Amino acid sequence: MSAYIALVPAAGSGSRFGAPSPKQYLQLLGKPLMWHTLSVLAAVPAITRVVVVISPEDEWFDCFDWAIPKLEVLRVGGASRAASVRNGLAALGAAGDDWVLVHDAARCCLTVPMVERLIARVADDEIGGLLALPVADTVKRATSDGHVSKTVSREGLWLAQTPQMFRCAQLLRALKDGAEAAVTDEASAIEMLGLQPRLVEGEAQNFKVTYPADLALARAILASSKEG
Ligand code: C5P
């Protein structure tokens, strides 16, 4: 039977956030932001390994007591997200048909039911799939000077989230050097092989902490889920 392995690329510098440490290590309810992310993945019964990929130069990871079951760390991060994922896959030692669920370290408001919904909908799929959200707002394309050039139909448009779940060997093949420059998520690399990943409805709260204001929102969501 295929295993389910969570792979969390966390080798980014978080330059858009503008904090002195990478955003995955910012304090959130007394823990590093990424602790919340890794804890949720470890709490999914079907997932047997939670593997975080950090930069070889990372100075922060060892400063914290993670105390998360199933957690492993690989210091093989690369210059791009795709390189970090590819290096992590190559170092995993997983079977080719094992499922890998790649999840952004900075999507810390993920929940166990979201991951279980993805697994339930994708486990029988030939290709794999991802959590995503149908676009709810009206979409504008901008001119280079910040005016509206046109309104784009939102019909059939989805915003990609993570986890993104694919077979280990196929994802590694898709992320081979050539594809790397053009892809910002795993699904795009799979699409470049001519394949069509399945879209599974995610949730708005599964957003990626990117700017300072996002941290307050993540804190409020995590605090209210602990109270509930
Ligand atoms: O920068 P962005 O928020 O899009 O990064 C998405 C995820 O990819 C983050 O978890 C980040 O740490 C990771 N990443 C990485 N290696 C890089 C760049 C980003 O693991 N070189």
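What you see is a predicted model, and the numbers here were worked out from it, not measured in a lab. Note: hydrogens, waters and symmetry copies are ignored here, and every other heavy atom, side chains too, is used. Read the numbers this way: they start at 1 and go in the same order the structure lists the ligands and their atoms.
- Asp98 places a side-chain N or O within 3.5 Å of a backbone atom of Ala95 that can act as its donor or acceptor partner.
- Using modelled atom types, one finds no donor on one side chain facing an acceptor on the other under 3.5 Å when comparing Arg141 with Thr151.
- Side-chain contact between Leu101 and Gln164: absent, with no pair of heavy atoms (C-beta onward) separated by less than 4.5 Å.
- Among all heavy-atom pairs drawn from Ser21 and Trp60, the shortest one is CB-NE1, 3.5 Å.
- Compare Ala106, Pro22, Pro9, Gly78 by their heavy atoms: the one nearest to atom 21 (N) of ligand 1 is in Gly78.
- Residues Ser84 and Ile54 form no side-chain contact, since every pair of their non-hydrogen atoms from C-beta on lies 4.5 Å or further apart.
- Of all the listed residues (Thr37, Val102, Asp104, Ile54), Asp104 holds the heavy atom that lies closest to atom 6 (C) of ligand 1.
- Ligand 1 lies out of reach of Val53, whose nearest heavy atom is not under 4.0 Å from it.
- Which parts of ligand 1 touch Lys208 is read off a 4.0 Å heavy-atom cut-off, strictly below it: atoms 2 (P), 3 (O), 4 (O).
- The shortest N or O to N or O distance between Lys23 and ligand 1 is below 3.5 Å.
- Atoms of ligand 1 found under 4.0 Å from any heavy atom of Ala79 (numbered from 1 in listed order, with element): 21 (N).
- Counting only heavy atoms from C-beta outward, the side chains of Val40 and Met114 never approach each other to under 4.5 Å.
- Near Ala105, the atoms of ligand 1 lying under 4.0 angstrom from a non-hydrogen atom of the residue are 10 (O).
- The closest non-hydrogen atom to atom 14 (N) of ligand 1, taken over Gly12, Ala10, Ser84, comes from Gly12.
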